**Q** 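Input: one structure, supplied below.
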Amino acid sequence: MTTNKNPGIYVHIPFCVRKCNYCAFLSGASDEALRDRYVKALCEEIRIRARHITGRVHGVFDTIFFGGGTPSLLSSDQVARIISELKANLSIDDEAEITLESNPATLSMESLRGYRQSGISRLSMGVQSMNDEILKRLGRIHTAGDVITDVQNARAAGFDNINLDLMFAVPDSSLDTTISDIEAVTSLGPEHISFYSLQLEEGTAFFKEFERGELEEVPDEIDREIYHVGAKLLRDKGYEQYEISNFAKIGYESRHNLKYWNMAPYLGLGLGASSFVDNKRITNVSSLEEYFELTSKGAPPTAEVHENSERDSVAEAVFTGLRKIDGIKYIDVLGSYEEFWEYYSDAFEEARQYEREGKLIIDEEGMRLTSDGIDISNSIMALFV
């Protein structure tokens, strides 16, 4: 897979119907007036950022990703307004991959047709499970039936690039329910499947249950067994694994997410969004009132700017690059084999030990995790931080 270093755009839509039990993302409730006010402020931020990044971002933006929250709470007209503002102010590739994250039960035939007409070319749906009891436990608002209807409607609306998210190791689930989920989701024929393990995050309803002793975490060995069985099943069903949690039919890898793993620049727009531009990590404010106030004055809604040192950038390139099944190429990170291992001479012996244990493959061109190495990926990646 060639490394595309063109810049991408992330647009954060911080609204949900209600918060799911596992969700720690920056999101909350909204009404039509608040969403409209937000879209107006977002369009203002696009104009502000476009003025500030001239000459600092090179190349044409070839991905746009609407994430959240639940971006499908925006009307297709609102999404079209944002896309047309982006195209008016920034250099956007005619063939850009434009993804909209959505939740089943927030989509209609009419909205799907509208999104497709507005320029959305890739639809990502937060399915999580095809078991109604588990969906209830997760705090989702949809049923398995909604997923089937929405995928069929999306196809009828012209979508030929659909991702479905699946979550495993969640309360009340098992290896059997996960296998059933994969069978049900693959039967719908999506081009891409994300397959994630539940992470207990502070501040979530599940974390509070865990603290009260009402929720038991799935033991690590069971989590790993489910992951390997699930990953093999997905590969057997014709989905190529290209990243720890991501599987796609050939040619349907998420071009936008690959930007994060390949250290390509990206512009983050909206509440709490992050950018990586000109070797700087920029984070937006996370207070809605502050966001409205700054954008209305024509000021960038920036909360924090961190300029990467060489060490930061090299460590991030290794850490994110090792998430890819192809791993890293030294030439993309630090030049040659010799240069890389001279820079990381203190990690060389431990890395070789992981190689001897069958967790890591190291060769003259680069390195990558093995299937067993994925299970302890954080420990291996920590060598390079």
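In this text the structure is predicted, and so the values were computed from the model without any measurement.
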**Q** Look at Arg35 together with Glu32 and state whether they make a salt bridge at an N to O cut-off of under 4.0 Å.
**A**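 Between Glu32 and Arg35 there is a salt bridge, with a charged N closer than 4.0 Å to a carboxylate O.
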
**Q** To the nearest 0.5 Å, how far apart are CD1 in Ile92 and CD1 in Ile83?
**A**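 Ile92 CD1 to Ile83 CD1: 9.5 Å, rounded to 0.5 Å.
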
**Q** Under 6.0 Å from the CD atom of Gln353, do we count more than 12 heavy atoms belonging to anything else shown?
**A**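 Yes, enclosed.
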
**Q** Is the positively charged end of Arg224 above the ring of Tyr227, judged by distance under 6.0 angstrom from the centroid and angle within 45° of the axis?
**A**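 Yes; both conditions hold, so Arg224 lies above the ring face of Tyr227.
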
**Q** Take atom CD of Glu95 as the centre, draw a 6.0 Å sphere, and report whether it contains more than 12 heavy atoms from other residues, nucleotides or ligands.
**A**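 No, CD of Glu95 has 12 or fewer neighbouring heavy atoms, counting only those of other groups under 6.0 Å.
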
**Q** Are there more than 12 heavy atoms of other residues, nucleotides or ligands under 6.0 Å from atom NZ of Lys232?
**A**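 Counting neighbours around NZ of Lys232, 12 or fewer heavy atoms of other residues, nucleotides or ligands fall under 6.0 Å, so no.
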
**Q** Using the salt bridge (charged side-chain N to carboxylate O under 4.0 Å, His left out) definition, which of the options Lys324, Arg323, Arg368 pairs with Glu243?
**A**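 Exactly one option meets the salt bridge (charged side-chain N to carboxylate O under 4.0 Å, His left out) with Glu243, and it is Arg323.
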
**Q** Please give me the minimum heavy-atom distance between Thr63 and Ala96, naming the atom from each residue.
**A**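 Taking Thr63 first and Ala96 second, the nearest heavy atoms are N-CB, 4.4 Å.
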
**Q** If I take atom CD1 from residue Ile282 and atom OG from residue Ser275, how far apart are they, to the nearest 0.5 angstrom?
**A**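 Reported to 0.5 Å precision, the distance equals 5.0 Å.
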
**Q** Would Ile13 and Leu73 count as a side-chain contact (heavy atoms from CB on, under 4.5 Å) here? Give the steps.
**A** CA-CA 9 Å; Ile13 308 299; Leu73 287 182; 5.9 Å; no

**Q** Indicate yes or no for a side-chain donor-acceptor contact from Arg56 to the backbone of His52 under 3.5 Å, with no hydrogens or angles considered.
**A**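 Between the backbone of His52 and the side chain of Arg56 there is a qualifying donor-acceptor contact (under 3.5 Å).
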
**Q** Taking side chain as C-beta onward, heavy atoms only, is Thr302 less than 4.5 Å from Thr283?
**A**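 Thr302 vs Thr283: side chains apart.
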
**Q** What heavy-atom pair brings Asp150 and Leu107 nearest, and what distance separates the two atoms?
**A**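 Minimum heavy-atom contact is OD1-O, 3.9 Å.
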
**Q** List the steps and the verdict of side-chain contact (heavy atoms from CB on, under 4.5 Å) for Leu334 and Val318.
**A** CA-CA 10 Å; Leu334 260 182; Val318 179; over 6 Å; no

**Q** Does Lys359 use its side chain to pair, donor to acceptor, with the backbone of Ile380 at less than 3.5 Å?
**A**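 Absent.
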
**Q** Check whether any side-chain heavy atom of Ser286 sits under 4.5 Å from a side-chain heavy atom of Tyr291, and report yes or no.
**A**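 No, their side chains stay 4.5 Å or more apart.
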
**Q** If only atom types and distance count, is the side chain of Arg81 paired as donor or acceptor with the main-chain N or O of Val39 below 3.5 Å?
**A**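 Checked: no pair found.
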
**Q** Should Leu123 and Asn163 count as side-chain neighbours, where that means a heavy-atom distance under 4.5 Å?
**A**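 Result no, sub-4.5 Å side-chain heavy-atom pair not found.
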
**Q** Please answer whether the main-chain N or O of Ala105 pairs with a side-chain N or O of Asp146 as donor and acceptor at a distance below 3.5 Å.
**A**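 Not at all, since once roles are kept as given, no pair shorter than 3.5 Å links the two residues.
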
**Q** Among Phe159, Phe247, Tyr252, Tyr242, exactly one meets ring pair (Phe, Tyr, Trp, His ring centres under 6.0 Å) together with His192. Which residue is that?
**A**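 Testing each of Phe159, Phe247, Tyr252, Tyr242 against His192, the sole residue satisfying ring pair (Phe, Tyr, Trp, His ring centres under 6.0 Å) is Tyr242.
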
**Q** Is it true that Glu183 and Lys237 make a salt bridge, defined as a side-chain N closer than 4.0 Å to a carboxylate O?
**A**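 Yes, this pair counts.
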
**Q** Please answer whether the main-chain N or O of Ile98 pairs with a side-chain N or O of Ser121 as donor and acceptor at a distance below 3.5 Å.
**A**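 Yes, because the side chain of Ser121 sits within donor-acceptor range (under 3.5 Å) of the backbone of Ile98.
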
**Q** Working note: Phe276 + Tyr260, criterion ring pair (Phe, Tyr, Trp, His ring centres under 6.0 Å); need CA distance, chi angles, decisive distance, verdict.
**A** CA-CA 9 Å; Phe276 181 50; Tyr260 303 138; over 10 Å; no

**Q** Applying side-chain hydrogen bond (donor to acceptor under 3.5 Å, both in side chains) to Ser72 and Thr106, what does each step give before you reach the verdict?
**A** CA-CA 6 Å; Ser72 50; Thr106 64; 2.7 Å; yes

**Q** Is it the case that more than 12 heavy atoms not belonging to Lys87 sit under 6.0 Å from its NZ atom?
**A**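 Check fails, neighbour count at 12 or below.
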
**Q** Is Asp165 reaching over with its side chain to a backbone N or O of Val127, donor-acceptor style, under 3.5 angstrom?
**A**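 Absent.
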
**Q** Between Met109 and Ala156, which heavy-atom pair has the shortest distance, and what is it?
**A**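 Taking every non-hydrogen atom into account, CE-CB, 3.8 Å.
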
**Q** Within the distance-only criterion (no hydrogens, no angle test), does the side chain of Glu350 pair as donor or acceptor with the backbone N or O of Ala347 below 3.5 angstrom?
**A**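 Side chain of Glu350 to backbone of Ala347, a donor-acceptor pair under 3.5 Å: no, none is there.
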
**Q** Please name all residues satisfying side chain to side chain contact (heavy atoms under 4.5 Å, CB included) with Ser174, sequence neighbours left out, ordered by chain then number.
**A**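 In terms of side chain to side chain contact (heavy atoms under 4.5 Å, CB included), with neighbours along the sequence ignored, Ser174 is linked to Asp176, Thr177.
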
**Q** With a 4.5 Å limit on heavy-atom distance, are the side chains of Glu240 and Ile250 in contact?
**A**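 Counting from C-beta outward, Glu240 and Ile250 do come under 4.5 Å.
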
**Q** Rounded to the nearest 0.5 Å, how far apart are CZ of Phe15 and CG of Leu271?
**A**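 If I round to the nearest 0.5 Å, the distance is 8.0 Å.
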
**Q** Provide the closest heavy-atom pair for Val147 versus Met125 in the form atom of the first, atom of the second, distance.
**A**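 Looks like O-CE, 4.2 Å.
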
**Q** Rounded to the nearest 0.5 Å, how far apart are CD1 of Ile48 and NZ of Lys297?
**A**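 Those atoms lie 11.5 Å apart.
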
**Q** Check whether any side-chain heavy atom of Pro300 sits under 4.5 Å from a side-chain heavy atom of Arg49, and report yes or no.
**A**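 Of all side-chain heavy-atom pairs linking Arg49 with Pro300, at least one is under 4.5 Å.
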
**Q** State whether Lys40 and Glu85 are salt-bridged, where the test is any N-O pair (Lys NZ or Arg NE/NH1/NH2 against Asp/Glu carboxylate O) under 4.0 Å.
**A**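 So Lys40 does not pair with Glu85 through a salt bridge.
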
**Q** Are Ile331 and Val314 connected into the same hydrophobic cluster when the rule is that any two of I, L, V, M, F, W, Y join if their side-chain heavy atoms are below 4.5 Å apart?
**A**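 Shared cluster, no.
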
**Q** Establish, yes or no, whether a centroid distance under 6.0 Å links the rings of His256 and Phe61.
**A**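 Distance test on ring centres: not under 6.0 Å, no.
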
**Q** With rounding to the nearest 0.5 Å, note down the distance linking CD1 in Ile244 to CG in Asn246.
**A**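 The CD1 atom of Ile244 sits 10.0 Å away from the CG atom of Asn246.
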
**Q** Rounded to the nearest 0.5 Å, how far does CD of Glu110 lie from OH of Tyr115?
**A**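 That separation rounds to 10.0 Å.
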
**Q** Ser313 and Asn279: side-chain hydrogen bond (donor to acceptor under 3.5 Å, both in side chains), yes or no, with the steps?
**A** CA-CA 8 Å; Ser313 291; Asn279 211 38; 3.1 Å; yes

**Q** State whether the side chain of Thr149 and the backbone N or O of Gly145 hold a donor-acceptor pair below 3.5 Å, judged by distance alone.
**A**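 Flag set: sc Thr149 to bb Gly145 pair under 3.5 Å.
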
**Q** Thr99 side chain to Phe65 main-chain N or O, any donor-acceptor pair under 3.5 Å?
**A**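 Answer holds: no.
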
**Q** Could you state whether Phe195 and Leu135 fall into the same hydrophobic cluster, counting links through intermediate Ile, Leu, Val, Met, Phe, Trp or Tyr residues with side-chain heavy atoms under 4.5 angstrom apart?
**A**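 Phe195 and Leu135: separate clusters.
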
**Q** Which class fits the ring pair Phe340 and Phe384: parallel under 30°, tilted 30 to 60°, perpendicular over 60°?
**A**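 The rings of Phe340 and Phe384 sit tilted, inter-plane angle from 30° to 60°.
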
**Q** Can Leu34 and Leu288 be said to form a side-chain contact (heavy atoms from CB on, under 4.5 Å), step by step?
**A** CA-CA 10 Å; Leu34 181 62; Leu288 208 45; 4.0 Å; yes

**Q** Between the side chain of Asp278 and the main-chain N/O of Lys280, is any donor-acceptor distance below 3.5 Å?
**A**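 It does not hold such a pair.
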
**Q** I'd like to check Leu267 versus Val57 (side-chain heavy atoms, cut-off strictly below 4.5 Å). Are they in contact?
**A**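 No, too far: nothing below the 4.5 Å cut-off.
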
**Q** Does any non-hydrogen side-chain atom of Leu74 lie less than 4.5 Å from one of Ile82?
**A**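 Answer yes - side chains close enough.
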
**Q** How close do Asn257 and Ser254 get, heavy atom to heavy atom, and via which atoms?
**A**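 In this case the closest contact between Asn257 and Ser254 is N-OG, 3.1 Å.
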
**Q** Taking all non-hydrogen atoms of both residues into account, name the closest pair between Glu355 and Ile362 and its distance.
**A**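 Looks like OE2-O, 3.3 Å.
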
**Q** side-chain contact (heavy atoms from CB on, under 4.5 Å) between Ser336 and Glu364: does it pass, once the steps are laid out?
**A** CA-CA 8 Å; Ser336 66; Glu364 288 298 310; over 6 Å; no

**Q** For the hydrophobic clusters of this structure (ILVMFWY residues joined by side-chain heavy atoms under 4.5 Å, transitively), does one cluster hold both Tyr344 and Phe348?
**A**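 Yes, it is one cluster - the side chains of Tyr344 and Phe348 are joined through contacts under 4.5 Å.
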
**Q** Salt bridge between Lys259 and Asp62, side-chain N to carboxylate O under 4.0 Å?
**A**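 A salt bridge links Lys259 with Asp62.
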
**Q** Determine whether the aromatic ring centres of residues Tyr266 and Tyr10 are separated by less than 6.0 angstrom.
**A**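 They do not qualify: ring centres at least 6.0 Å apart.
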
**Q** Strictly below 4.0 Å, N to O, side chains only: are Glu44 and Arg47 in salt-bridge contact?
**A**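 Counted as a salt bridge, because a side-chain N and a carboxylate O are separated by less than 4.0 Å.
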
